[in-house]
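Basis for what follows: all heavy atoms, side chains included, without hydrogens, waters or symmetry-related copies. A, B, ... follow the sequence lines: proteins, then strands. Residue 1 opens every chain.
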Amino acid sequence: MGRSPCCEEEGLKKGPWTPEEDKKLVEYIQNHGHGSWRALPKSAGLNRCGKSCRLRWTNYLRPDIRRGKFSDEEERLIINLHSALGNKWSAIAARLPGRTDNEIKNYWNTHLKKKLLHMGIDPLTHARGLTLACSPISRACLPPPTSATCRRVLGVLTTHSGFMQTQLRRPESRFCRAYFKL
DNA sequence: AATACACTCAACCGCACCACC
DNA sequence: GGGTGGTGCGGTTGAGTGTAT
């Protein structure tokens, strides 16, 4: 028998946090420290699992978090660190004071990947020329992007297609412009 | 103005790792 | 050494919002 996941207890709330919940969590941690995350929700009077509380605190409520746009310097640092460390978001975040791993991961996936592709750099290897190792998948087999999930799947598939390999070497091509909104 | 499409990011999930017994 | 519990990490999802048609 494996261990039971922490969030399986019935009745625990999921989804977006309310200002009241945030207030409870911040006040509790300021007064008592977080201690055991598993025990925290009960002590703090929150109907959440400990994991959810930890995530909310580390990614959003911590007082040392710096929010807002990433500077050019931060952007360069993320790209350099990613080329050295790969998807070690927590290690990258440790070098950027006030930024969380989640925030950096999101920024990478939504902005920097596209930016590197546009520059003709493979975001996986940071090599110029986009030499992706992959098996060919026919463009004709791919469905039109009809939803966010579908587009993400499509992104994975096309990133690994021979067709894309060819097209991505030409970031100015009509294909790349259309797919990456360049 | 209504609808469809595209983008962002907070939050969740599952797994791996570590400490403790 | 093996089992269990707690925590952290990376990948993924989907609601909310913005933009285009």
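At the phosphate of C:dG8, OP1 or OP2 sits under 4.0 Å from a side-chain N or O atom of A:Arg54. Under 4.0 angstrom from either OP1 or OP2 of B:dA10 there lies at least one side-chain N or O belonging to A:Arg67. For the pair A:Trp37 and C:dG5, the criterion of a side-chain N or O lying under 4.0 Å from OP1 or OP2 is not met. Between A:Ser52 and B:dC12 there is a side-chain polar atom (N or O) within less than 4.0 angstrom of OP1 or OP2.
Rounding to the nearest 0.5 Å places CD1 of A:Ile121 at 15.0 Å from NZ of A:Lys113. Atom CH2 in A:Trp89 sits 10.5 Å away from atom CG in A:Leu81 (nearest 0.5 Å).
Whole-Å rounding puts the A:Asn59 CG to C:dG10 C1' distance at 12 Å. Summarising the geometry, the separation between CZ on A:Phe70 and C1' on B:dC9 is reported as 11 Å, rounded to the nearest angstrom. The nearest whole Å value for the distance from the CZ atom in A:Arg48 to the C1' atom in B:dA10 is 11 Å. The distance between atom NZ of A:Lys115 and atom P of B:dT8, rounded to the nearest whole Å, is 13 Å. Atom pair A:Leu55:CG and B:dC9:P shows a separation of 16 Å (rounding to whole Å applied). Rounded to an integer number of Å, the gap from CG of A:Leu12 to P of B:dC12 is 11 Å. Here the P atom of nucleotide B:dA6 and the NZ atom of A:Lys114 are 11 Å apart, to the nearest Å. As a whole-Å value, the separation of A:Trp57 CH2 from B:dA11 P is 15 Å.
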Next item on the list: Could you check A:Trp57 against A:Ser52 for side chain to side chain contact (heavy atoms under 4.5 Å, CB included), going step by step and ending with a plain yes or no?
Entry: CA-CA 9 Å; A:Trp57 173 257; A:Ser52 179; over 6 Å; no
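Looking at residues two or more places apart in sequence or on another chain, you find a salt bridge (charged side-chain N to carboxylate O under 4.0 Å, His left out) between A:Arg66 and A:Glu74. With sequence neighbours excluded, the residues that form a salt bridge (charged side-chain N to carboxylate O under 4.0 Å, His left out) with A:Glu103 are A:Arg99. Residues that satisfy the salt bridge (charged side-chain N to carboxylate O under 4.0 Å, His left out) test with A:Glu20, not counting sequence neighbours, are absent from this structure.
At most 12 non-hydrogen atoms from other residues, nucleotides or ligands lie less than 6.0 angstrom from NZ of A:Lys23. Annotation for A:Arg95: atom CZ does not count as buried by contact number, only 12 or fewer foreign heavy atoms lying within 6.0 Å.
Of the residues in residues 20-36 of chain A, A:Gly35, A:Ser36 come within less than 4.0 Å of DNA chain C through at least one heavy atom, sorted by number. For DNA chain B, the residues of residues 85-111 of chain A within the heavy-atom distance limit of 4.0 Å (strictly under) are A:Asn102, A:Asn106, A:Thr110, A:His111, sorted by number.
Using the six-membered ring where Trp is involved, A:Trp108 and A:His82 have ring planes that are parallel, under 30° apart on the 30 and 60° scheme.
Residue A:Leu25 is not grouped with residue A:Leu12 when hydrophobic side chains (ILVMFWY) are merged at heavy-atom distances under 4.5 angstrom, including chains of intermediate members. Residues A:Leu55 and A:Leu46 do not share a hydrophobic cluster, clusters being chains of Ile/Leu/Val/Met/Phe/Trp/Tyr side chains in contact below 4.5 Å.
Summary of helix geometry: the two end axes of the helix from B:dA2-C:dT21 to B:dC21-C:dG2, each defined by five base pairs via their C1' atoms, are inclined to each other by 0° (rounded to 10°).
Under 3.5 Å, the side chain of A:Arg38 and the base of C:dG5 form no donor-acceptor pair of N or O atoms.
Relative to the side chain of A:Lys51, the nucleotides B:dA11, B:dC12, C:dC9 differ in distance, and C:dC9 lies closest.
Ion pair A:Lys24/A:Glu21 not flagged as a salt bridge, since none of the NZ, NE, NH1 or NH2 atoms sits closer than 4.0 Å to an Asp/Glu carboxylate oxygen.
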